[in-house]
Amino acid sequence: MLTVLLVCLSGALMLHGYTNHLYGTAPDGETAATGPHDAVPAAIAKGGPVIDAGTATARSARPKPRTIAITFDDGPDPVWTPKVLDLLKAQKVKATFFVIGTQVAAHPELTRRIIAEGHQIGLHTFTHANLSTIPAWRRSLELRQSQLILAGATGVSTPLLRPPYSSEPSALTNADWSSIEWSRDAGYLTVLSTQDSEDWRRPGTAQVIANSTPKGTAGQVLLMHDAGGDRTQTLAALQKLIPTLKARGFRFATVSDTVALPQPVHSVGAVERGRGIAVIGAMRLSDGTLGVLGWLLYAAGALSVLRAVTTVIAAKRHARERYWSWGEPVTEPVTVIVPAYNESAGIEAAVRSLVASDHPVEVIVVDDGSSDGTADVVESLRLPGVQVIRQQNAGKPAALNTGLQAASYELVVMVDGDTVFEEDAVRMLVQPFADPSVGAVSGNAKVGNRKGLLGRWQHIEYVVGFNLDRRLFDLAECMPTVPGAVGGFRRSALQRIGGLSDVTLAEDTDLTMALCRDGWRVVYEERARAWTEAPASLGALWRQRYRWCYGTLQAMWKHRGAWVQRGQAGKLGRRGLTYLLLFQVLLPLLAPVVDVFALYGLVFLNPLRVGLVWAGFMALQLGMGLYAFRLDGEKPGPLWSLPLQQFVYRQLMYLVVIQSVFTALAGSRLRWQRMERYGSLAVPPASADATR
């Protein structure tokens, strides 16, 4: 489904970009033809303006004496074409309009009015492209699409073609002649001009009249414009020119009448008109798509800036209060619960780091039906204060509940089996419990295996994303998640809410939200540092984040009632859940718009401007990164990979959210997915500084 949507979106943007940004914007007369002329037949160069470049003998036709065909290029225009038509109607003059396909699609009603009032219609290509300089495939596209759009808008077709940037027959170059021959093979008669009003220069009404007035009695094909800018001078000139020339004995007619051609415009069949209507519909859809994308881009930009400003301000305030005392030091022993399922690769490092804590602990390892000898590894260590409980596989929440039942102490720390604690982590983690309103404490989880590029990217995300957010949540008293890698709890608080639930895949988020709704305060203690093993492959990362994101959506839906509650629950709902909805669901859903629009801009818009916008976005990200790294006491070296993170990692993260939302909307259920462990963490890090 995502692929189909992407293909449709790409097609709509390519159509919009082609029709709006790949055609010439310069007026017809502004670009003078250059190049050799030797391939142009003399009869054509010295002949009339209506050219039939047949394969046998090229022919041309001149207007009849004292006959003028007024021709208008570049329309129809919603402002000036109606005024031109009104003037012609008042003067009882018929003219020929060479229309641009994209303009016809945008204003079909004006094209129908042109035909209904007896004027002749001709093509001026689809996007005002220079037919003498573009490849044959694009010539075909330009003419075919113009004809289809004309058929869809009016029900007629025309063989009359005026190439953009053309002028008189004597100015034709070899390239021009080649394109005219190609057009004739495609069934078109080329209509040039004999007299250029040069109204595109806006030289003044008097000069436009002078440029448009014949010097003798020879017939003329007069070039004017009903679009492309302000046509006040064109209208004023026609108002005076037509009566003056009529007084001199000139008559005005369409191009075909001027050169005595049979009526060239014909009705089309229902199938052809249906195709034209479909093309017009596709163009309007592409215009609407870009309009919607534009608004979504503004929304994504606003949310990005809002998040950056909000988190930085909150983090700065949080940092000023970081070392305030919670009360009397907490010295009572702590029960550490380690749920383990096939964790033999890293369980020894995790348990040894816990035993080495400078705070009194008992360690309970709950082996949840492991098949790799996890429990045997722990038992073989024979470490004091370490207890192993074996149970049949029932899932992580069940393993944690088993540990809670066996816990000896009121304060409980929950630790993943791949996490290594610093020596003072447990002690720091439990200090906030000196405040009786605190029911849970989030520690500072750090990526241990950060040497590779993927590890660096996750390290940046943990420091810049997760930890900055936790500072804000702590300040706003709406912490939605105590991470499974490092979290402290009151056992009595957990028992009061019924322990851990297995109805979501994000049991840690579900548990934290339940505690908040029960009235407990959840805080962040940045000094309680633990080192976790991050996924070492994109596949493993995808599975982990998919589970996290989908589980978070489940927890948000489960606790949606917090939005209308009061007290601590209301803070979680109106602050925490709103933040998650805006910045961890809606913003990632909008993120593809930024990437798609960037590609669109690089292809169809000014690449420099797109690059500057991207550089500004990167500067914002880098500024946040430097500040977050400084707050966490980290060296900023890994931030060099931040620009690369925007091209792989960022897309992976927002695709995870998109698929999670689709999965949730579809009502599908995911099984708990365990990450593969590699045992890459040390036992334990000597100090935080030594491992950074």
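On a predicted model such as this, the values are computed, not experimentally measured, just so you know.
Exactly one residue among I100, D226, T96, L223 makes a side-chain contact (heavy atoms from CB on, under 4.5 Å) with D73. That residue is L223.
Applying the side-chain hydrogen bond (donor to acceptor under 3.5 Å, both in side chains) rule to Q239 yields no partners; only residues at least two apart in sequence or on another chain are considered. Residues forming a side chain to side chain contact (heavy atoms under 4.5 Å, CB included) with T213 (at least two apart in sequence, or on another chain): I209, L241, L245, R248. Partners of W614 according to the ring pair (Phe, Tyr, Trp, His ring centres under 6.0 Å) rule, which considers only residues two or more places apart in sequence or in another chain, are F647. Every side chain to side chain contact (heavy atoms under 4.5 Å, CB included) that L541 has, sequence neighbours left out, goes to L454, Q458, P535, Q544, R545, Y649, L652, M653. Partners of S179 by side chain to side chain contact (heavy atoms under 4.5 Å, CB included), not counting sequence neighbours, listed by chain and number: L131, S132, R139. Taking the side chain to side chain contact (heavy atoms under 4.5 Å, CB included) definition, one finds that A136 meets it with W182, sequence neighbours left out. Applying the side-chain hydrogen bond (donor to acceptor under 3.5 Å, both in side chains) criterion to R307, with sequence neighbours excluded, gives D469, Y579. Partners of R275 under the salt bridge (Lys or Arg N to Asp or Glu O under 4.0 Å) rule, at least two apart in sequence or in another chain, are E272. Qualifying salt bridge (Lys or Arg N to Asp or Glu O under 4.0 Å) partners for E181, counting only residues two or more places apart in sequence or in other chains: none.
Using a 4.5 Å heavy-atom cutoff, the side chains of I70 and F252 are in contact. A 4.5 Å side-chain heavy-atom check between P264 and L189 finds every atom pair outside the cut-off. Side-chain contact between W457 and V648: present, with at least one pair of heavy atoms (C-beta onward) separated by less than 4.5 Å. Using a 4.5 Å heavy-atom cutoff, the side chains of V596 and L9 are in contact. Looking at heavy atoms from C-beta onward, L296 lies out of side-chain contact with F597 at the 4.5 angstrom threshold. Using a 4.5 Å heavy-atom threshold, the side chains of L222 and S193 count as separate. Between F583 and L303, some side-chain heavy-atom pair lies under the 4.5 Å cut-off. Between V585 and T552 there is no side-chain heavy-atom pair separated by less than 4.5 Å.
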Below 3.5 Å, can you tabulate the donor-acceptor pairs from side chains in residues 285-293 to any protein atom, sequence neighbours excluded?
unit_1, atom_1, unit_2, atom_2, d
S286, OG, M283, O, 2.6
D287, OD1, H16, NE2, 3.3
T289, OG1, L285, O, 2.7

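S167 and L192 get closest at one heavy-atom pair: O-CB, 3.1 Å. Residues A105 and I149 share a closest heavy-atom pair of N-CG2, 3.7 Å. Looking at every heavy atom in both residues, A43 comes nearest to S60 through O-OG, 4.0 Å. Between F250 and T217, the closest heavy-atom pair is CZ-CA, 4.0 Å. Shortest non-hydrogen contact noted between L602 and P607 is O-CG, 3.9 Å. Shortest non-hydrogen contact noted between A129 and P164 is O-CG, 3.2 Å.
Expressed to the nearest 0.5 Å, how far CG of L589 lies from OG of S660 amounts to 9.5 Å. Note that CD of E142 and OG of S183 are 11.0 Å apart. Values are rounded to the nearest 0.5 Å. Taking CG from D196 and CZ from R201, the interatomic distance works out to 8.0 Å, rounded to the nearest 0.5 Å.
K92 NZ: 12 or fewer foreign heavy atoms inside a 6.0 Å radius. Other residues, nucleotides and ligands contribute only 12 or fewer heavy atoms inside 6.0 Å of the CZ atom of R59.
T254 and D257 share a donor-acceptor pair across their side chains, judged by distance under 3.5 Å alone. Side-chain atoms of Q120 and S256 form a donor-acceptor pair, as typed in the model, at a separation below 3.5 Å. Side-chain contact annotation: Q147 with Y188, donor-acceptor N/O pair under 3.5 Å present. Side-chain contact, T190 with R162: no donor N or O sits under 3.5 Å from an acceptor N or O.
We find that D595 and R650 are joined by a salt bridge, their nearest charged nitrogen and carboxylate oxygen being less than 4.0 Å apart. Between R113 and E109 there is no salt bridge, since no side-chain N of the basic residue sits under 4.0 Å from a carboxylate O of the acidic one. Taking 4.0 Å as the cut-off between side-chain N and carboxylate O, R202 and D230 do not count as a salt-bridged pair.
Annotation: ring pair (Phe, Tyr, Trp, His ring centres under 6.0 Å) contacts involving residues 76-114, sequence neighbours excluded, comprise F72-F97, F97-H119. Among residues at least two apart or in separate chains, there is no ring pair (Phe, Tyr, Trp, His ring centres under 6.0 Å) pair with a member in residues 255-288.
A donor-acceptor pair under 3.5 Å links the side-chain atoms of T158 to the main chain of I121, judged by distance alone. Panel note: side chain N174, backbone A39; a donor-acceptor pair is recorded below 3.5 Å. Of the possible polar contacts, none joining the T81 side chain to the P78 backbone as a donor-acceptor pair under 3.5 Å is found.
Using cut-offs of 30° and 60° on the angle between ring planes, the pair H124 and H128 is perpendicular. W295 and Y298 have perpendicular rings, their planes meeting at more than 60° on a 0 to 90° scale where under 30° would count as parallel. Relative ring orientation between Y546 and Y550 is described as perpendicular, the plane-to-plane angle rising above 60° on a 0-90° scale split at 30° and 60°.
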